[in-house]
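Residue numbers begin at 1 in each chain, while the letters A, B, ... track the order of the sequences.
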Amino acid sequence: MLNLKFIQENPEMVIERLAVKRFDARVIVEKVIELYKRRNEAQNEAETEKAEMNRLSKEIGQLFKDGKTSEANSAKEQTVRLKEQIKSLENEFDTIDAELAQLQVLLPNLPSSLVPIGRGAEDNLIVVTGGVMPVLHEGAKPHWDLAAQYNLIDFELGVKITGAGFPVYKGYGARIQRALINFFLDQARKHGYNEVQPPYVVNEASGFGTGQLPDKEDQMYHCGLDNLYLIPTAEVPVTNIFRDVIVEAKDLPIKTTAYSACFRREAGSYGKDVRGLNRLHQFDKVEVVQIAHPDKSYDSLNEMVAYVQTLVEMLGLPYRILRLCGGDMGFTSALTYDFEVWSAAQERWLEVSSVSNFESFQATRLKLRFREEGRSKPQIAHTLNGSALALPRIVAAIYENYQTPEGIVVPKVLVPYMGGCEIIN
RNA sequence: GGAGAGAUGGCAGAGUGGUCGAUUGCGGCGGUCUUGAAAACCGUUGUACCGCGAGGUACCGGGGGUUCGAAUCCCUCUCUCUCCGCCA
């Protein structure tokens, strides 16, 4: 979330930048400024009275000690009125403070100056295109047919056990999942990411820290009895490792990776988007997260984009990298690059990764700070994350792009992870 | 699930109504000493908000209460630990 003082000091800039995200912030910003001022006034008055109260209390204590009971008792009478005033000022402060907190979470993050103007997906900027488009043989099939033909994924069985969007992977279909997870984790480790295994269920504070709550609870599965949420991405538990933490500047950037299953309710999705592996309620993903110095966070972002690029290239998939326009970006992001791979039988691009710099937006919520050498005060850090990578659409593209009349060829880098299997048939 | 104990600064651990933002130890930082280091000794060492500043306010798990005054007393919630039971 945006810092209140920052909003108060730069109202026009906030309104202007948020217009890029097609968000009209004027009413909220003006309200924030007004409330902020009133809150400060209440705080100042309350604190003045409290200082007086503290002074009186000490005096009364001393009077009792000295045996001057009647003087002490008359001083006590003075405190009655003070107490009332303090109480009412504090109530006012609390009320305004709560209103401010509510407004504060309504404002999205400011987009970086690199963000293209635009309304939706059609306005995203293609910054890189790579890989070779495959030429499929006659009778090539979409991945859901291939999955059935080679007995790799059983969608109906998932429906029976749980419901739509929870497929059962079988045989080589299961093995290639595990192969991809291990491949991605090994690559991340080679690029300096520390591997962790986080919880798949998080509490409210964690959901708030990364920005899923309070607004997007309908996208997460909720365990009502315990008031916990199934994670929609490992970003949530991994980034929350650093909630309420002050790190040393010399340790930045802190690079963490984790595999997790991800759970998304995907309320409102329908049509061809949900066919096969295109959109699932449970899927596997390896995530990379960085905690960065504010001066260096865009270096981190570029590094992460370059890293994800190596992954799709090693898998030999045709891909493109998009810089998301203001209208298509997420609420919490300042700059986002999406990776899409070509799914040759569906003849469509599938999003497989989203790499974002959140700047101080999440870190402000998380109270994630760093301390510079010397005695300077802690400052808010920057956070970034990216999928590296999300499995289902990668699997869909591999099945479709690598299909031959003889079977599905296993990408070279995965063969060692598949016990030497070079073709699935 | 049953019974009990507890939650204090980076960590350990005192503090049961006032001078306690909090004894002390360890760790960290600075210094003395040393060719250098260690040891020893001395000093220093939380965070947030308000204020140009001097300074003020808040924070001893969260919330509420008693009191002129609460880390300390009361209520409540959450969490942790120990033992028993169950179980991967």
Check the distance between [N]'s [atom2] and [X]'s [atom1] and give it to me in whole angstrom.
{"X": "N227(A)", "N": "rC77(B)", "atom1": "CG", "atom2": "P", "value": "16 Å"}
{"X": "E41(A)", "N": "rC50(B)", "atom1": "CD", "atom2": "C1'", "value": "12 Å"}
{"X": "D244(A)", "N": "rA48(B)", "atom1": "CG", "atom2": "C1'", "value": "12 Å"}
{"X": "N203(A)", "N": "rC79(B)", "atom1": "CG", "atom2": "P", "value": "10 Å"}
{"X": "I246(A)", "N": "rG28(B)", "atom1": "CD1", "atom2": "C1'", "value": "14 Å"}
{"X": "R39(A)", "N": "rC50(B)", "atom1": "CZ", "atom2": "C1'", "value": "10 Å"}
{"X": "E204(A)", "N": "rG62(B)", "atom1": "CD", "atom2": "P", "value": "18 Å"}
{"X": "E84(A)", "N": "rC68(B)", "atom1": "CD", "atom2": "P", "value": "13 Å"}

Determine the Euclidean distance between corresponding [atom1] atoms of [M] and [N]; express it in Å to zero decimal places.
{"N": "rG4(B)", "M": "rC75(B)", "atom1": "P", "answer": "15 Å"}
{"N": "rG9(B)", "M": "rC59(B)", "atom1": "C1'", "answer": "11 Å"}
{"N": "rU24(B)", "M": "rU45(B)", "atom1": "C1'", "answer": "15 Å"}
{"N": "rG28(B)", "M": "rC77(B)", "atom1": "C1'", "answer": "36 Å"}
{"N": "rG21(B)", "M": "rC60(B)", "atom1": "P", "answer": "12 Å"}
{"N": "rA7(B)", "M": "rG61(B)", "atom1": "P", "answer": "8 Å"}
{"N": "rC84(B)", "M": "rG10(B)", "atom1": "P", "answer": "35 Å"}
{"N": "rG15(B)", "M": "rG85(B)", "atom1": "P", "answer": "35 Å"}

Inset, instruction - On RNA chain B, check which nucleotide each of K50(A) and L56(A) is closest to and give me the residue with the more 5' one. - result: K50(A)
Legend entry - Most 5' of T79(A) and N3(A) on RNA chain B, judged by nearest nucleotide: N3(A)
Any side-chain N or O of [X] under 4.0 Å from OP1/OP2 of [N]?
{"X": "N40(A)", "N": "rC49(B)", "result": "no"}
{"X": "K367(A)", "N": "rU47(B)", "result": "no"}
{"X": "R371(A)", "N": "rG46(B)", "result": "no"}
{"X": "K377(A)", "N": "rG46(B)", "result": "no"}
{"X": "N54(A)", "N": "rG18(B)", "result": "no"}

Legend entry - Value rounded to 0.5 Å, distance of CD in Q290(A) from CE in M304(A): 5.0 Å
Inset, instruction - Calculate, to the nearest 0.5 Å, the distance between atoms CD and CD1 belonging to Q102(A) and I28(A) respectively. - result: 11.5 Å
Legend entry - Check ion pair K50(A)-E90(A) (N to O, under 4.0 angstrom): yes
Inset, instruction - Please determine if E16(A) and R26(A) form a salt bridge, counting it only when a charged side-chain N lies under 4.0 Å from a carboxylate O. - result: no
Legend entry - Minimum-distance nucleotide (side-chain atoms of R369(A) versus rG69(B), rA48(B), rU57(B)): rA48(B)
Legend entry - Given rG56(B), rA48(B), rC68(B), the nucleotide with the shortest approach to the side chain of K76(A): rC68(B)
Tell me what [X] touches on the nucleic acid: a base, only sugar-phosphate, or nothing, going by heavy atoms under 4.0 Å.
{"X": "A51(A)", "result": "sugar-phosphate"}
{"X": "Y36(A)", "result": "sugar-phosphate"}
{"X": "K87(A)", "result": "sugar-phosphate"}

Legend entry - Set of side chain to side chain contact (heavy atoms under 4.5 Å, CB included) partners for A42(A), sequence neighbours left out: E92(A), F93(A)
Inset, instruction - Identify, with sequence neighbours excluded, every residue that meets side chain to side chain contact (heavy atoms under 4.5 Å, CB included) alongside R119(A). - result: R22(A), E122(A), D123(A)
Legend entry - Q177(A) versus D284(A), side-chain donor and acceptor atoms under 3.5 Å: yes
Legend entry - S206(A) and R243(A) side chains, donor-acceptor separation under 3.5 Å: yes
Inset, instruction - Applying side-chain contact (heavy atoms from CB on, under 4.5 Å) between L335(A) and each of V355(A), L384(A), L324(A), L301(A), report the one that passes. - result: L301(A)
Inset, instruction - Dot-bracket notation for RNA chain B is requested: 5' to 3', Watson-Crick or G-U wobble pairs only, both distances under 3.5 Å, with ( ), [ ], | and . as defined. - result: ((((((((.[[[..)..(.....]]]((((((.......))))))(((((....))))).[[[[[..)....]]]]])))))))....
